[in-house]
Amino acid sequence: MVLALPEIQRSLHIGLTSVIWVIIGYLLVITVLSTQVGRLGDMYGRVLMYEAGFVVFHHRIPCLRAGLETSSQLIVFRLALRASGVP
């Protein structure tokens with residue numbers, strides 16, 4: 001994702017602040033959810049949570065949706081959804 005940020009900035013004609021929000025939104029959701037999923041891993045087993053995470057986070061539909069957006073606000077929104085595992 002970091003490698004795509006300069007191209008996102010150029011193609012959407014957005015400022016550095018908006019590009020930074022793309023990263024912050026993604027990291028914020030991942031950070032909040034990782035503590036909760038870590039607790040679930042303690043309760044139900046690490047292997048089960050790893051397999052569930054693999055299924056949830058390795059689908060390509062949210063990446064495609066984020067790539068097709070035309071505004072920085074929608075990119076931040078789509079990447080936050082992707083970080084939460086919503087397709």
Side-chain angles (χ1 to χ4, degrees):
M1 184 171 100
V2 174
L3 295 175
L5 291 176
E7 183 59 33
I8 291 171
Q9 185 178 9
R10 277 193 298 271
S11 65
L12 295 177
H13 308 291
I14 58 176
L16 182 61
T17 306
S18 297
V19 173
I20 291 172
W21 271 108
V22 171
I23 298 171
I24 289 173
Y26 186 78
L27 290 177
L28 182 65
V29 174
I30 285 288
T31 303
V32 169
L33 289 179
S34 67
T35 58
Q36 305 307 315
V37 173
R39 175 74 177 133
L40 290 174
D42 291 340
M43 291 171 42
Y44 299 110
R46 293 181 187 145
V47 173
L48 179 65
M49 287 297 109
Y50 175 78
E51 290 171 351
F54 187 80
V55 169
V56 169
F57 290 110
H58 285 86
H59 50 76
R60 302 289 183 220
I61 294 171
C63 292
L64 180 62
R65 286 182 183 168
L68 296 175
E69 295 299 346
T70 57
S71 73
S72 62
Q73 292 86 6
L74 288 174
I75 290 174
V76 171
F77 177 71
R78 291 289 185 193
L79 288 176
L81 283 179
R82 181 182 182 274
S84 66
V86 176

Undergrad: Tell me which pairs pass side-chain hydrogen bond (donor to acceptor under 3.5 Å, both in side chains) where either residue lies in residues 2-21, with sequence neighbours left out.
TA: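 Applying side-chain hydrogen bond (donor to acceptor under 3.5 Å, both in side chains) to every pair that reaches into residues 2-21, excluding sequence neighbours, yields Glu7-Arg10.
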Undergrad: With clusters defined by side-chain heavy atoms of hydrophobic residues (ILVMFWY) lying less than 4.5 Å apart, directly or transitively, does Ile20 cluster with Ile14?
TA: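 Yes: a chain of side-chain contacts under 4.5 Å links Ile14 to Ile20.
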Undergrad: Suppose we screen for side chain to side chain contact (heavy atoms under 4.5 Å, CB included). Which residues come up paired with Leu27, at least two apart in sequence or across chains?
TA: Ile23
Undergrad: Check residues 38-52 and write down every donor-acceptor pair under 3.5 Å in which the side-chain atom is one partner and the other belongs to a residue at least two apart or another chain.
TA:
none

Undergrad: At what distance, to the nearest 0.5 angstrom, does CD1 of Ile24 lie from OG1 of Thr31?
TA: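 The OG1 atom of Thr31 is 11.0 Å from CD1 of Ile24, to the nearest 0.5 Å.
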